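As a basis for the values below, the full set of heavy atoms in this structure was taken, side chains included, without hydrogen atoms, waters or symmetry mates. From a predicted model like this one, the values you see are computed outputs, not experimental measurements.
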Amino acid sequence: MSNMVRKANAFEILNHWVLAVTFFILAISGFGFLFHLEQMNSLFGSFDQMRVIHNYAGLVFAVSLFLTIFNYLPVSLIFTGEDIIWILKGGGYFSKGTTVPPQDRLNAGQKGYYLLLLLTGIAIAASGLIIWLRPMIADINRWVLLSHLVHNISFDVLLIAVPSHIYLATLANPGTFRIMVYGTVPLEWAKKRHARWVEKKGY
Ligand code: HEM
């Protein structure tokens, strides 16, 4: 199709699916542990099996999150004056007439979401690893209580952040979901939402 621009490459698309699928496995099994939901046995077989699946899905999630660093961290660390105005105007989401400054490959909200995801992801993965290793290393017992607290708080943050991200990447911004499937968007779509990026790329 003509006039399409690439916003995500094949690796980013694949890695994003790994992140999404492992997140849902972790969230569903996490709820199972939190509320001792016996019904989860119909999905995972038993609580022991659910624990094994949760732990290994956590490992894959952590590796997948680490791999996002190369594509998203450099752009997410730079907040320009235009980004600050975008934030002050709430991204234009709260009033129809509001115009927002041109944005880079990720808008200021996406940069904030990515940084939050990275920090929370590191916290949930590190605390999860300590809880997992508990039976093997006697000396880490004093860290285990703290790890449970960090694991649960990070889970709460992700339970708000990820559904918000999914809403913004689908219903709130029609045409965005195709990035997750094809990696491309129409040039007009990109000019409207990421004008600074389009300008830098010279499209
Ligand atoms: C089925 C659920 C999901 C959908 C439909 C979805 C959709 C999308 C889309 C369309 C983009 C591209 C946005 C753009 O480039 O303008 C994106 C980016 C991204 N997604 Fe997701 N996503 C989902 C789940 C997740 C999960 C579970 C995570 C991590 C826990 C995640 C992390 C990210 C990150 C870090 C980016 C790049 C930054 C951003 O665009 O906000 N996504 N997602």
Side-chain angles (χ1 to χ4, degrees), residues 1-27 57 60-122 124-125 157-203:
M1 205 188 287
S2 61
N3 280 337
M4 298 298 277
V5 291
R6 181 154 292 281
K7 196 151 189 286
N9 60 32
F11 172 76
E12 285 171 302
I13 297 171
L14 181 68
N15 196 44
H16 186 259
W17 279 105
V18 173
L19 213 52
V21 170
T22 49
F23 177 82
F24 281 108
I25 295 173
L26 289 162
V60 178
F61 178 81
V63 171
S64 175
L65 189 63
F66 172 76
L67 293 175
T68 61
I69 286 178
F70 306 101
N71 289 324
Y72 295 126
L73 190 58
V75 64
S76 298
L77 285 175
I78 299 165
F79 277 83
T80 62
E82 285 169 336
D83 287 333
I84 306 296
I85 297 172
W86 190 97
I87 293 168
L88 292 175
K89 290 190 167 189
Y93 283 108
F94 300 103
S95 153
K96 266 206 176 309
T98 313
T99 50
V100 290
Q103 295 291 285
D104 208 334
R105 182 163 72 96
L106 298 184
N107 66 40
Q110 289 174 300
K111 291 176 185 178
Y113 167 70
Y114 178 69
L115 294 176
L116 178 74
L117 181 69
L118 192 61
L119 289 177
T120 324
I122 291 170
I124 207 163
V157 173
L158 290 175
L159 281 181
I160 297 169
V162 174
S164 309
H165 162 70
I166 295 171
Y167 170 69
L168 289 167
T170 53
L171 295 177
N173 289 291
T176 309
F177 179 67
R178 59 168 293 124
I179 299 171
M180 199 172 162
V181 182
Y182 305 106
T184 56
V185 280
L187 180 59
E188 283 314 308
W189 182 99
K191 276 184 179 166
K192 194 174 152 201
R193 292 176 168 82
H194 300 275
R196 190 61 73 215
W197 174 67
V198 171
E199 182 192 290
K200 278 187 194 169
K201 286 279 200 181
Y203 288 130

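Shown here for Lys191 and Ala195, the closest heavy-atom pair between the two residues is O-CB, 3.3 Å. Scanning all heavy atoms of the two residues, the minimum distance from Leu65 to Gly121 falls at CD2-CA, 3.5 Å. Across every non-hydrogen atom of Gly91 and Val100, the tightest pair is C-CG1, 3.5 Å. What you find for Ala108 and Phe79 is that their closest heavy atoms are O-CE2, 3.8 Å. Across all their heavy atoms, Leu168 and Ala172 have their closest contact at CA-CB, 3.8 Å. Closest heavy-atom contact between Thr176 and Ala169: CB-O, 3.4 Å.
Under the 4.5 Å side-chain criterion, counting only non-hydrogen atoms from C-beta, Leu117 is in contact with Leu158. Side chains of Leu116 and Val157 form a contact here, defined as non-hydrogen atoms less than 4.5 Å apart. Using a 4.5 Å heavy-atom threshold, the side chains of Thr184 and Val5 count as separate. By the 4.5 Å heavy-atom criterion applied to side chains, Asp104 and Thr80 are not counted as neighbours. Leu19 places none of its side-chain heavy atoms less than 4.5 Å from the side chain of Leu67. Using a 4.5 Å heavy-atom threshold, the side chains of Arg178 and Met4 count as touching. Residues His16 and Phe11 fail the side-chain proximity criterion, which asks for heavy atoms closer than 4.5 Å. Counting only heavy atoms from C-beta outward, the side chains of Trp197 and Lys7 approach each other to under 4.5 Å.
A donor and an acceptor atom, one from each side chain of Tyr113 and Ser76, are nowhere located under 3.5 Å apart. Using a 3.5 Å distance cut-off with no hydrogens or angles, the side chains of Tyr93 and Asn173 do pair a donor with an acceptor.
Summarising the geometry, atom CD1 belonging to Ile13 is positioned 9.5 Å from atom CD1 belonging to Ile179; distances are rounded to the nearest 0.5 Å. Atom-to-atom distance recorded for Leu118:CG and Leu77:CG is 9.0 Å, nearest 0.5 angstrom.
For the pairing with Leu106, the side-chain contact (heavy atoms from CB on, under 4.5 Å) check across Val75, Ile78, Asn71 returns one residue only, Val75. The one candidate from Lys111, Arg196, Lys89 that meets the salt bridge (Lys or Arg N to Asp or Glu O under 4.0 Å) condition with Glu82 is Arg196.
Between Trp17 and Phe177, the two ring planes are perpendicular [angle over 60°; tilted spans 30° to 60°].
Atom CZ of Phe66 has 12 or fewer heavy atoms from other residues, nucleotides or ligands within 6.0 Å.
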side-chain contact (heavy atoms from CB on, under 4.5 Å) assessment of Leu115 paired with Leu73 | CA-CA 8 Å; Leu115 294 176; Leu73 190 58; 3.9 Å; yes

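A side-chain donor-acceptor contact under 3.5 Å links Arg6 to the backbone of Tyr182. Side-chain N or O atoms of Thr22 include none that pairs as donor or acceptor with a backbone N or O of Val60 at under 3.5 Å. The backbone N or O of His194 lies less than 3.5 Å from no partner atom in the side chain of Trp189, so there is not a single donor-acceptor pair.
A salt bridge is defined here as a Lys NZ or Arg NE, NH1 or NH2 lying under 4.0 Å from an Asp or Glu carboxylate O, and Glu199 with Arg105 fails to meet this definition.
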